[in-house]
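Right, one structure below, let's go through it.
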Amino acid sequence: QVQLVESGGGLVQAGGSLRLSCAASGTIFTINTMDTVGWYRQAPGKQRELVATITSGDSTNYADSVKGRFAISRDNAKNTVYLQMNSLKPEDTAVYYCNVQFRWSGLGYNYWGQGTQVTVSS
């Protein structure tokens with residue numbers, strides 16, 4: 001069972017920055033060998049949406065709404081993935097979830113963190 005522990009959320013004024021962290025444990029896979037690692041978010045009354053992902057091959061993908069403001073990265077030694085969020089806007093307010101996906105012995109695995117609240121005030 002994979003455990004994902006997120007941290008770094010909070011309340012920030014518009015234009016400010018936050019860095020989210022997601023530490024993975026409980027698997028033989030490391031953060032850099034998992035097929036895809038990423039961040040999603042869900043605002044009240046809305047569906048969960050992709051924010052940013054990074055693959056084992058270091059390809060990144062960002063939602064159009066965060067391009068140029070957010071950056072996903074990982075620290076392989078700490079088995080942790082980060083989301084640096086700059087120039088935050090009130091519409092970035094949501095619960096942010098860490099997600100990892102990988103395949104092992106022919107089966108696909110998909111795990112979510114518990115979520116961390118990000119609130120951006122205007």
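Being a predicted model, the structure only gives us computed values, none of them experimental.
- Side-chain N or O atoms of Glu49 include none that pairs as donor or acceptor with a backbone N or O of Arg41 at under 3.5 Å.
- Using a 4.5 Å heavy-atom threshold, the side chains of Phe70 and Leu88 count as touching.
- Of all heavy-atom pairs between Gln42 and Lys46, the closest is NE2-O, 3.1 Å.
- Looking at every heavy atom in both residues, Asn86 comes nearest to Ser17 through OD1-OG, 2.9 Å.
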Could you list the donor-acceptor pairs under 3.5 angstrom formed between side-chain atoms of residues 75-82 and any protein atom two or more places apart in sequence or on another chain?
from: Asp75; atom 1: OD1; to: Ala77; atom 2: N; distance (Å): 3.0
from: Asp75; atom 1: OD1; to: Lys78; atom 2: N; distance (Å): 3.2
from: Asn79; atom 1: OD1; to: Ile31; atom 2: N; distance (Å): 2.6
from: Asn79; atom 1: ND2; to: Ala24; atom 2: O; distance (Å): 3.1
from: Thr80; atom 1: OG1; to: Lys78; atom 2: O; distance (Å): 2.8

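- Side-chain N or O atoms of Asn99 include none that pairs as donor or acceptor with a backbone N or O of Val37 at under 3.5 Å.
- Counting only residues at least two apart or in different chains, disulfide (SG to SG under 2.5 Å) contacts with residues 3-116 comprise Cys22-Cys98.
- In terms of heavy atoms, Glu6 sits closest to Tyr96 at OE2-O, 3.9 Å.
- Applying the salt bridge (Lys or Arg N to Asp or Glu O under 4.0 Å) criterion to Arg69, with sequence neighbours excluded, gives Asp92.
- At a threshold of 4.5 Å between side-chain heavy atoms, the hydrophobic network of Ile, Leu, Val, Met, Phe, Trp and Tyr places Trp104 and Leu4 in one connected group.
- In this structure, a donor-acceptor pair under 3.5 Å is absent between the side chains of Ser56 and Asp35.
- Take Phe102 and apply the ring pair (Phe, Tyr, Trp, His ring centres under 6.0 Å) test, not counting sequence neighbours, and it matches Phe29, Tyr109.
- Taking Ile, Leu, Val, Met, Phe, Trp and Tyr as hydrophobic and joining them when side-chain heavy atoms fall under 4.5 Å apart, one finds Leu50 in a cluster with Tyr40, Val95, Tyr97, Trp112.
- Nearest heavy atoms, Tyr62 versus Ile72: OH-N, 2.9 Å.
- Pairs passing the side-chain hydrogen bond (donor to acceptor under 3.5 Å, both in side chains) check and including a residue from residues 113-122, sequence neighbours excluded, read Gln117-Thr119.
- Arg74 and Ile54 make their closest contact through NH1-CG1, 3.7 Å (heavy atoms, listed as atom of the first residue, atom of the second, distance).
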